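These notes concern the structure reproduced below.
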Amino acid sequence: MNEEHAELVFDPDMAQTRFGYGRSPLVPGPRDVDDMVAQLRGTEEPLAGVRFPSDEEMRERIAALMGKRRVFRSAAEGSLERERLQKQYRAARRAAFQEIAGWTGATLARRVWSRDGLRERLVAFWADHFSAPGKNERYKYTAPSHVANAVRPHVAGRFEEMLIAAALHPQMLHYLDQSTSIGPNSPFAKAKPEKHLGLNENLARELLELHTLGVGSSYTQHDVRQLAELLSGLTAHPNKGTVYVTKRTEPGSETVLGKEYGTRRSRISDVESALRDLARHPDTARHLSRKLAVHFVSETPDEDLLVSMAARYLETDGDLVEVVEAMLRHPASWHPVEHGIGNFKQPELFVSSALRALAVSLDQLLTVRRNRLDQLLGTPLRTMGQPWRQPIGPDGFSEEDVHWITAQGMAARLQWALSVPTALVGDLPDPRAFVETALGPNAPAAVRFAAGAAENCREGIALVLMSPGFQRV
């Protein structure tokens, strides 16, 4: 699709709502597709006063927290010293979880104030694709580092780099129980035959089924087993992060999708080679292209759109900006909702786009306390059915509209729309002006009338946020 044609189908409002976090009264939207792509290829905008710690720093912090817990538990029961140490640990634990709240607030701040809404949407999309919520205290604390350090830096790069960073991150190894996987014929297993150590296929299966090739593609159970054997040396070390222990690895080479990896002595580079080949596979191109199109455009995306995206993926060895650009330059991506295109907003997108339309201040978002954040975001999202980055399984949250259009979910959205804007914004905007902000110049006449006829600003804002035009993209 040439640039001239792309500019003809470009819709500035849709660029913000379908491919970003919605319209803002203060942040301008992209001028055209070229602008969207240039922003994505450019350097990410810094967020004032916000710096996310590296994985190494995260390990140091969690080690210090766990150390305080060990020290207090080792003190004599009932002693004053134990009580003192327990107070220190609890204070450190509260500080750690307040820090998580701060990182969540920073994520929302980027969504509300960034000009590059497409980048923020892509970060959320890939974070869900590589879902790995923590299953214990240590990994609940480190879960944000998986997104910040393994996903975000790669959304404008090649998929294989993100795959290696995200799939081999300690957070993923913990979530999919990779640290319990031992080659059954490895020196480690033979040294402890009484423990019946063996393979865990979770990571291998999800790599093939969810992260790369997709369900029903060209892999078999034999490929799952062979990949699991290749991965068996991987484990998450609390102080070192991801390590590859050859004594845990199943001896010999493994064959995945007809290609042999490893030798008598396997290395982590063999694992990375297998992941790069999976990332460049035609099935992966089709799977990821469909998933992106379904997420951004429609549950039933245009077939020519999918072909164009997958072709660009293969032509560029999985350059994700090129794939996204192929989506943006295809006319089918810009069909209006009235044509049966467009998705119902997931709860997280609904809340984030409402905060952007309300222009909630940076100070409000970056200084929010943990309990306050739970009232404004945590509990409402759980009630709407989408707890913050905590899907039920590794396949992430559903993309089907019917999953989100429920009586309980809609009631929770209405309650949020009636209560939270008032709590966050001192002086609510005039609902008649807010219609223009949230829905743009093409806002339906019925919504304009309802907003103007509302008894007060609180109800007028809620009417706009609950309107079909705001709920769909």
Side-chain angles (χ1 to χ4, degrees), residues 1-24 26-45 110-126 152 154-159 162 285-286 288-343 345 349 352-353 356-357 439-442 469 472-473:
M1 193 63 58
N2 61 44
E3 279 190 27
E4 182 180 1
H5 195 182
E7 291 175 357
L8 290 174
V9 299
F10 180 83
D11 182 318
D13 290 319
M14 196 179 296
Q16 298 177 81
T17 57
R18 183 168 291 176
F19 301 107
Y21 278 101
R23 292 169 53 87
S24 164
L26 299 174
V27 183
R31 297 180 297 273
D32 50 30
V33 171
D34 287 345
D35 193 21
M36 298 173 77
V37 174
Q39 287 180 4
L40 194 54
R41 287 201 183 280
T43 303
E44 182 179 356
E45 299 173 351
R110 283 194 175 99
R111 295 177 179 183
V112 171
W113 291 101
S114 176
R115 277 199 70 229
D116 192 359
L118 175 59
R119 182 189 298 272
E120 298 309 316
R121 283 288 303 279
L122 286 168
V123 170
F125 170 84
W126 290 115
R152 178 177 282 275
H154 302 290
V155 296
R158 281 190 164 79
F159 176 68
M162 186 193 295
R286 288 187 286 268
L288 298 183
S289 296
R290 174 172 287 278
K291 192 167 183 180
L292 278 163
V294 166
H295 180 79
F296 282 98
V297 181
S298 170
E299 283 186 42
T300 55
D302 179 87
E303 284 300 321
D304 186 65
L305 168 64
L306 299 180
V307 169
S308 297
M309 293 172 67
R312 197 70 190 127
Y313 184 103
L314 293 173
E315 291 164 359
T316 62
D317 290 331
D319 184 320
L320 295 175
V321 176
E322 293 283 347
V323 177
V324 170
E325 183 174 3
M327 175 175 67
L328 295 176
R329 294 201 184 280
H330 198 287
S333 295
W334 299 89
H335 289 165
V337 173
E338 293 77 38
H339 289 195
I341 305 297
N343 293 321
K345 289 181 179 178
L349 177 55
S352 299
S353 57
R356 185 174 174 92
L439 300 181
N442 297 320
R472 282 197 173 274
V473 294

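Here the structure is a predicted model, which is why all the values come from computation and not from measurement.
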- Task: Please list, chain by chain and in numerical order, all residues satisfying side-chain hydrogen bond (donor to acceptor under 3.5 Å, both in side chains) with Y21, sequence neighbours excluded.
- Result: R111
- Set of salt bridge (Lys or Arg N to Asp or Glu O under 4.0 Å) partners for R152, sequence neighbours left out: E44, E120
Do side-chain atoms of [X] reach the backbone of [Y] as a donor and acceptor pair under 3.5 angstrom?
{"X": "R158", "Y": "T316", "value": "yes"}
{"X": "S333", "Y": "M327", "value": "yes"}
{"X": "D13", "Y": "L439", "value": "no"}
{"X": "R312", "Y": "V324", "value": "no"}

Gap separating the [atom1] atom of [X] from the [atom2] atom of [Y], nearest 0.5 angstrom:
{"X": "F296", "Y": "N343", "atom1": "CZ", "atom2": "CG", "value": "10.5 Å"}
{"X": "M309", "Y": "L328", "atom1": "CE", "atom2": "CG", "value": "8.5 Å"}
{"X": "L288", "Y": "L292", "atom1": "CG", "atom2": "CG", "value": "6.5 Å"}
{"X": "N442", "Y": "M14", "atom1": "CG", "atom2": "CE", "value": "9.5 Å"}

- Whether W334 and F19 hold their rings parallel, tilted or perpendicular, with breakpoints at 30° and 60°: tilted
Using side-chain heavy atoms (C-beta onward) and a distance below 4.5 Å, is [X] in contact with [Y]?
{"X": "S353", "Y": "K345", "result": "yes"}
{"X": "R18", "Y": "R472", "result": "no"}
{"X": "H295", "Y": "R121", "result": "yes"}
{"X": "V27", "Y": "S114", "result": "no"}

- Task: Would you check, one step at a time, whether the test side chain to side chain contact (heavy atoms under 4.5 Å, CB included) holds for L320 with V155?
- Result: CA-CA 7 Å; L320 295 175; V155 296; 5.7 Å; no
For [X] and [Y], work out which heavy atoms get closest and say how close.
{"X": "G20", "Y": "L349", "value": "O-CD1, 4.1 Å"}
{"X": "A293", "Y": "P301", "value": "CB-CB, 3.8 Å"}
{"X": "A332", "Y": "L305", "value": "CB-CB, 4.5 Å"}
{"X": "R115", "Y": "P30", "value": "NH2-CA, 4.4 Å"}

- Query: What pairs meet the salt bridge (charged side-chain N to carboxylate O under 4.0 Å, His left out) rule with one or both residues in residues 292-303, with sequence neighbours excluded?
  - Reply: R290-E303
- Item | Ion pair R329/D34, N-O distance below 4.0 Å | yes
- Task: List the steps, then state whether side chain to side chain contact (heavy atoms under 4.5 Å, CB included) holds for W113 with L26.
- Result: CA-CA 8 Å; W113 291 101; L26 299 174; 3.5 Å; yes
- Show the numbers, then the answer: is there a side chain to side chain contact (heavy atoms under 4.5 Å, CB included) between Q39 and D35? CA-CA 6 Å; Q39 287 180 4; D35 193 21; 3.7 Å; yes
- Report the C-alpha separation of Q16 and D11 in whole Å, then their side-chain angles, then the decisive distance to 0.1 Å, and conclude whether the side chain to side chain contact (heavy atoms under 4.5 Å, CB included) test is met. CA-CA 9 Å; Q16 298 177 81; D11 182 318; over 6 Å; no
